[in-house]
Structures are given as structure tokens and as C-alpha cells.
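Model, not experiment: these values are computed from the prediction.
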Amino acid sequence: MNNINLNDAKILVTGGAGFIGSHLVKRLLSCEAGLIVSLDNMNDYYDVNLKRWRLDQIQNPSHKFVQGSIADKELVTKLFNEYKFDIVVNLAAQAGVRYSITNPDAYIESNIIGFYNILEACRNFPVKHLVYASSSSVYGGNKKIPFSVDDKVDNPVSLYAATKKSDELLAHAYSHLYSIPSTGLRFFTVYGPAGRPDMFYYSATEKLCRGENIRIFNYGNMKRDFTYIDDIIEGVVRVIAGVPENNYAIYNIGGGQPENLLDFIATLQEELVNAKLLPPDYDFDSHRELVGMQPGDVPLTYADSTALERDFGFRPSIGIREGLRNFVQWYAEYSRRNY
């Protein structure tokens, strides 16, 4: 594996105002990378004010933010031509399994056409390493656990998953044809401060604080390999600096410890009380609604991250108690300022 020195590197981060993207830019700034350009279309899939808040946290002379879409080929080409990037981290994507059922066009535009534009730009303006976000959703209805990068992933159960698997195939073809070093990262249920409001832990927090009911899918019979944002970023930064020997690699980034959804919810509720966002006598049971499985969803995710540990000496380790406490503390401060 060839290593890249991040000092003085010119790095493009797409989805820079997003949850993972903004955290990554912040971390890269601390690594003293030469120049970080982030690109984000600032769409209204969720509250744009949160995206603006994230951008405020990463203002720095070494960071240039560009508003625009990776689906805009002319803009992407212009940026690559101007900056001659060393590293590209493609995190821009239309996220969400359930949203893909009712809004498929957004997924084709961003996750397929947009990623194709990134690949074409990497071909025409060669980079040292392309790292891109895939997803645990590519495992679909796989029964074998834990999910390994060596498993077949030919049975996606959502359009979102199908687009992410398509990205992996496109990257493989471009790596083979044009010698573009590329690494795909299958993220497992990322959570933490400044996260996405459409994710369960965040939306449940908002609803409970408003006295509304939360819907618990599959009657609570769900397990998720929740992965705290700091663990995700540590893994991404290590991968960025390590170019795969054969120009192509895929890694899982997940804690490898699936948590029962009801236990996760109970921990969240305890932390909401500890942070005094909810009173100790809050009647949580009366605010729960157990419902069936949603289309496109799966009952279990479980990462085998041994390849990541083998090649980069890292395995996610932050548990849900610490992770949810950090999220709730952030949410308490953020909501006081913005609501």
C-alpha cells in the first residue's frame, strides 16, 4: 500500500456541508492539508440551516466552499481543471432508503450521474486517490452475518442501495480502465452531533422533545451496527492516506456490535433526561408506536471490519452510551441557539 502525505495536499470533499463531509473537513484542517475545497448543492432534503451551521464550524483560510452539484458536469470539470486535486473524497449523495421509494429521480441524478461526473473528472485530471461513500445497504437481505466485503451484494432491496452498488461497479471499471486508485467505504448507520435530522435518533429526539410520538419499525425487532461519527472520520482519514496496491478496494466501517433498536432508544431516552431536555417522569411508553417494517428496510446490519483493521490498524470502538450522550449534549446547545 502506498501512503500519501496529507500535508500540502489539495483535497476535494463533495457533500462538504453534509454530516460526514463537514466533520471530515474539520478533521482535515487539523491535519494541515494544503487546501480543501468542498462542494455541496445545499438542497432542502432536510433543514438547510443545519448545513449552514456546519459550514460556520469549518470556516478557515485553507478551506474553500463552493455551492453546486456534482451532477453539474461543467462545474465539476472546472473545479478539477482549476485545482488539480491530489485526493477526492466523494460524499455527496442523495441519502435515505425510504425517500428513494417516492423520489427516485434525485438518486439517479446525484448518486449515478453525479458520481459518473466525478469519475470522468478523475480520468481527465488524474488524482492520487479517489475515496467514495458506499453504504451498508448494499448488503440488502443478506442472511450471512457479519457482513463481509467478500460477500455477494447482488440483491439490493431499495433504489438507494442499488445506486450505491452501481457506484462500486463504476469505480471498479474506471480503476481498471484508467488506473484510477479508488477505495469505496461501506458506512454502517452513522450517528452523532450535527447529524442528519432524517435519521431515527435525531428525529426521535425532536419528536420526544415536542411531546410527539415516535414510530418504531418492525415492532422494535431491529438491530443496527451504529457507528459514531468520530470513528467514521478516523477510518476515512486513514483510508485517504493509503492507496490500494491494485488500484481498487472496498472496506466496511462499522463497530461490529449490532445494538437492539429498543436498547438504543432506551439509552437515548436516558441521555435526554440526563441533559434535562426531558423531565425524569416523562412517560416514554405512551409516546411509542410500534409499527411494521418499512419497504426497503432490513432487520439487521452487522459489519465485519477486519479488513479495515488489518490494513489500517483501526476498528471503531465508541459505544452508544458515549455517542448518544455527545449527540444529546450537542442537540441541547444547538436547539437553544436555533429554535
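For the residue pair R224 and L300, the shortest heavy atom distance occurs at NH1-N, 3.7 Å.
Within 6.0 Å of NZ in K64 there are 12 or fewer heavy atoms belonging to other residues, nucleotides or ligands. Counting heavy-atom neighbours within 6.0 Å of N7 CG, excluding the residue itself, gives a total above 12. Annotation for E82: atom CD counts as buried by contact number, over 12 foreign heavy atoms lying within 6.0 Å. Atom NZ of K165 has more than 12 neighbouring heavy atoms from other residues, nucleotides or ligands inside a 6.0 Å radius. The number of heavy atoms from other shown groups lying within 6.0 Å of NZ (K144) is above 12. Other residues, nucleotides and ligands contribute only 12 or fewer heavy atoms inside 6.0 Å of the CD atom of E245.
By the criterion of side-chain heavy atoms lying less than 4.5 angstrom apart, applied directly or through intervening Ile, Leu, Val, Met, Phe, Trp or Tyr residues, V13 is not grouped with L130; the two fall into different hydrophobic clusters. Connection of F188 to I229 is not established within any shared hydrophobic cluster, with ILVMFWY side chains joined at heavy-atom distances below 4.5 Å, either directly or through further cluster members. By the criterion of side-chain heavy atoms lying less than 4.5 angstrom apart, applied directly or through intervening Ile, Leu, Val, Met, Phe, Trp or Tyr residues, L91 is not grouped with F80; the two fall into different hydrophobic clusters. There is a path of hydrophobic side-chain contacts, each under 4.5 Å, that joins V190 to L308. One hydrophobic cluster, built from ILVMFWY side chains closer than 4.5 Å, holds both I250 and V138.
Ring centers of F327 and Y191: at least 6.0 Å apart, outside the cut-off. Taking the centre of each ring, Y302 and F147 stay at or above the 6.0 Å mark. In this structure, F284 has its ring center under 6.0 Å from that of Y282.
At a threshold of 4.5 Å between non-hydrogen side-chain atoms, the residues L177 and Y174 do not count as touching. Counting only heavy atoms from C-beta outward, the side chains of I101 and L159 never approach each other to under 4.5 Å. By the 4.5 Å heavy-atom criterion applied to side chains, T189 and F200 are not counted as neighbours. No side-chain heavy atom of N221 sits under 4.5 Å from any side-chain heavy atom of P299. The closest side-chain heavy-atom distance from Y202 to D198 is not below 4.5 Å. Residues P316 and F314 are in side-chain contact: their nearest non-hydrogen atoms beyond the backbone lie under 4.5 Å apart. You'll find the side chain of L35 stays beyond 4.5 Å of the side chain of F85, heavy atoms only. Using a 4.5 Å heavy-atom cutoff, the side chains of V89 and L12 are not in contact.
Checking side-chain atoms of D86 against main-chain N and O of K10 turns up a donor-acceptor pair under 3.5 Å. Formation of a donor-acceptor pair under 3.5 Å by the N155 side chain with backbone atoms of G140 is not found in this model. In this structure, the side chain of N3 does not engage the main chain of G242 through any donor-acceptor pair within 3.5 Å. Not one N or O on the side chain of S134 forms a donor-acceptor pair closer than 3.5 Å with the backbone of L185. Between the side chain of E333 and the backbone N or O of Q329, no donor-acceptor pair lies under 3.5 Å. Remark: side-chain polar atoms of N246 are not paired, donor with acceptor, to backbone N or O of Y248 under 3.5 angstrom. Panel note: side chain S110, backbone Y107; no donor-acceptor pair is recorded below 3.5 Å. Between the side chain of Y201 and the main chain of G192, a donor-acceptor pair closer than 3.5 Å is present. Under a 3.5 Å cut-off, the side chain of K84 and the backbone N or O of N81 do form a donor-acceptor pair.
Among D40, N90, N41, the one residue that satisfies the side-chain hydrogen bond (donor to acceptor under 3.5 Å, both in side chains) test with T14 is N90. Each of D311, T183, T306 was evaluated against Y251; a single residue qualifies, D311, per the side-chain hydrogen bond (donor to acceptor under 3.5 Å, both in side chains) test. F187 pairs in a side-chain contact (heavy atoms from CB on, under 4.5 Å) with only one of the listed residues (T227, V236, D225), which is V236.
Here R123 pairs with E120 in a salt bridge; the nearest charged N to carboxylate O distance falls below 4.0 Å. Electrostatic pairing of E168 and K164 does not count as a salt bridge here, judged by no charged N lying under 4.0 Å from a carboxylate O. The residues E309 and R315 are annotated as salt-bridged, a charged nitrogen and a carboxylate oxygen being separated by less than 4.0 angstrom.
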- Message: Between K78 and E74, is the salt bridge (charged side-chain N to carboxylate O under 4.0 Å, His left out) condition met? List the steps.
- Response: CA-CA 6 Å; K78 177 185 175 184; E74 183 177 347; over 6 Å; no
- Taking it one step at a time, do L6 and L28 satisfy side chain to side chain contact (heavy atoms under 4.5 Å, CB included)? CA-CA 8 Å; L6 297 184; L28 290 173; 4.2 Å; yes
- Decide side chain to side chain contact (heavy atoms under 4.5 Å, CB included) for E206 and R210; before the verdict, give the C-alpha distance in whole Å, the side-chain angles of both, and the deciding distance to 0.1 Å. CA-CA 6 Å; E206 290 189 309; R210 292 195 298 258; 3.8 Å; yes
- Message: For S158 and S100: C-alpha separation, side-chain torsions, deciding distance, then whether side-chain hydrogen bond (donor to acceptor under 3.5 Å, both in side chains) applies.
- Response: CA-CA 7 Å; S158 70; S100 70; 4.7 Å; no
- Evaluation steps, side chain to side chain contact (heavy atoms under 4.5 Å, CB included), between V237 and L24: CA-CA 8 Å; V237 170; L24 177 61; 3.8 Å; yes
- Query: Taking it one step at a time, do I11 and V25 satisfy side chain to side chain contact (heavy atoms under 4.5 Å, CB included)?
  - Reply: CA-CA 9 Å; I11 304 173; V25 170; over 6 Å; no
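Put simply, NE2 on H172 and CD1 on I180 are 13.0 Å apart, with the number rounded to the nearest 0.5 Å. Atom-to-atom distance recorded for L278:CG and T205:OG1 is 8.5 Å, nearest 0.5 angstrom. Atom NE2 in H287 sits 9.5 Å away from atom CD1 in I214 (nearest 0.5 Å).
L169 belongs to no multi-residue hydrophobic cluster, having no ILVMFWY side-chain contact under 4.5 Å with any other such residue.
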Distance-only criterion, 3.5 Å: show the donor-acceptor pairs between side-chain atoms of residues 253-268 and protein atoms not counting sequence neighbours.
residue : atom : partner : partner atom : Å
N260    : OD1  : L262    : N            : 2.8
T267    : OG1  : D263    : O            : 3.0

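For residues 18-44, the set of pairs meeting the ring pair (Phe, Tyr, Trp, His ring centres under 6.0 Å) definition, not counting sequence neighbours, comprises F19-H23.
With sequence neighbours left out, the side chain to side chain donor-acceptor pair (under 3.5 Å) criterion links S137 to S135. Residues satisfying the ring-ring contact (aromatic ring centres under 6.0 Å, His included) test with Y116, not counting sequence neighbours, are none. Applying the ring-ring contact (aromatic ring centres under 6.0 Å, His included) criterion to Y99, with sequence neighbours excluded, gives Y45.
For R186 and Y139, the positive end sits near the middle of the six-membered ring, less than 6.0 Å away and at most 45° from its axis.
One side chain, S38 or H63, offers a donor N or O that lies under 3.5 Å from an acceptor on the other. Side-chain polar atoms of N60 and K26 form no donor-acceptor pair below 3.5 angstrom.
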